[in-house]
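This report concerns only the one structure given below.
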Number of protein chains: 2
Amino acid sequence: MDDIDRRIVGLLLDDADRTYAQLGREVALSPAAVHERVRRLRASGVVRRSTVEVDPDALGLDVLAFVLLDTEGWARDHVFAAAGADPRVEEAHSVAGNSNFLLKVRAAGPDGLEEVLRMLYQVPGVVRTRTIMVLRRGFERGVSLP
Amino acid sequence: MDDIDRRIVGLLLDDADRTYAQLGREVALSPAAVHERVRRLRASGVVRRSTVEVDPDALGLDVLAFVLLDTEGWARDHVFAAAGADPRVEEAHSVAGNSNFLLKVRAAGPDGLEEVLRMLYQVPGVVRTRTIMVLRRGFERGVSLP
DNA sequence: TGGGTCGGTGGACGACATCGACCGGAGAAT
DNA sequence: ATTCTCCGGTCGATGTCGTCCACCGACCCA
């Protein structure tokens with residue numbers, strides 16, 4: 001994980017369609033050398049997978065909300081399992097503060113969000129939810145390098 | 001944007017390295033037909049770009065937090081602009097509830113997070129922040145189709 | 001000094017993306 | 001009802017690119 005690796009990761013984060021020849025030109029290496037570095041970045045788990053960034057609205061996913069979850073007792077494993085099983089929950093974190101968990105939920109309409117909330121109340125230990133509705137998305141980008 | 005398009009998007013979300021031949025087999029279409037559909041999905045903005053999912057820890061980004069932002073007056077444009085200029089802010093949303101904005105911040109160590117907070121207080125209108133620190137990431141996946 | 005290892009180069013090969021020519025079916029207009 | 005048109009598909013050709021292999025130089029340590 002040297003500086004060249006970090007530059008390669010940064011370039012791939014920006015656009016994973018770059019060819020090895022292009023990457024090689026940008027980091028002053030042969031295509032084969034870049035190929036080998038990327039292979040190792042993937043093998044070591046630094047690069048997990050390549051995916052595609054989509055417009056949620058185009059898929060009808062027009063509701064975005066963050067849900068704070070309050071629980072009683074140790075509920076982490078149940079919460080993560082239940083949340084992970086619903087594709088509408090994009091993220092789940094255990095957090096510090098007044099609540100125990102924070103989920104990011106994206107759904108097609110308010111009904112979808114409500115279904116997620118109902119599902120969450122089935123989870124043993126969950127006693128309260130507080131939903132922060134997103135009015136307007138400023139931006140959503142993934143990890144990006146400085 | 002028919003059902004086949006949705007299936008293609010779902011497959012690309014899962015793994016964008018699939019060849020057109022593979023995609024074609026999965027949706028019962030020729031490689032060329034899939035190629036044309038993907039070209040149009042990109043042109044129409046449904047698919048924005050292809051990127052790579054990385055392990056934040058491998059890049060030293062070990063701090064994740066959500067920051068609730070309280071403002072006075074109309075501060076949206078300033079907030080989004082300032083937040084967008086800092087690569088440590090991965091998301092920024094205008095939200096309903098007790099606070100006006102919700103940011104997702106990922107940094108290398110607590111110092112990076114504090115720098116982001118200091119930067120935010122420079123933004124005209126910002127009067128308070130509340131930071132929700134993530135103790136443990138359950139999962140972070142992007143949009144996924146049911 | 002000399003062998004071993006690691007990471008790089010260059011070239012060859014086959015797979016794949018990409019394009020063009022052709023084709024068939026659904027609608028619209030006559 | 002028939003013909004025209006257009007959209008979206010298949011098929012096949014071509015050039016680029018990913019991928020592998022053999023070789024090489026630098027560096028480390030005995």
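Lettering of chains follows the sequences in order, A, B, ..., and the numbering in each one begins at 1.
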If the threshold is 4.0 Å, N to carboxylate O, is there a salt bridge linking A/Arg137 and A/Asp62?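 Result for this pair is no, no salt bridge flagged.
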Salt bridge between A/Arg7 and A/Asp2, side-chain N to carboxylate O under 4.0 Å?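 Salt bridge: no.
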Mind calculating the distance between CG (A/Leu12) and P (D/dG18) to the nearest angstrom?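 One finds 11 Å between P of D/dG18 and CG of A/Leu12, rounded.
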Which nucleotides of nucleotides 6-22 of chain C have their base under 4.0 Å from a protein heavy atom (B), which only their sugar-phosphate (S), and which neither (-), written as one string 5' to 3'? -SSBB------SSB---
Suppose the criterion is ring-ring contact (aromatic ring centres under 6.0 Å, His included): which pairs have a residue in residues 117-146 of chain B, not counting sequence neighbours?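 Pairs touching residues 117-146 of chain B that pass the test: none.
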Pick out which of B/Leu117, B/Thr131, B/Val89, B/Asp86 makes a side chain to side chain contact (heavy atoms under 4.5 Å, CB included) with B/Leu103.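 Between B/Leu103 and the candidates, side chain to side chain contact (heavy atoms under 4.5 Å, CB included) is satisfied uniquely by B/Val89.
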With sequence neighbours excluded, residues passing salt bridge (Lys or Arg N to Asp or Glu O under 4.0 Å) with B/Arg25: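 If we apply the salt bridge (Lys or Arg N to Asp or Glu O under 4.0 Å) test to B/Arg25, skipping adjacent residues, there are no hits.
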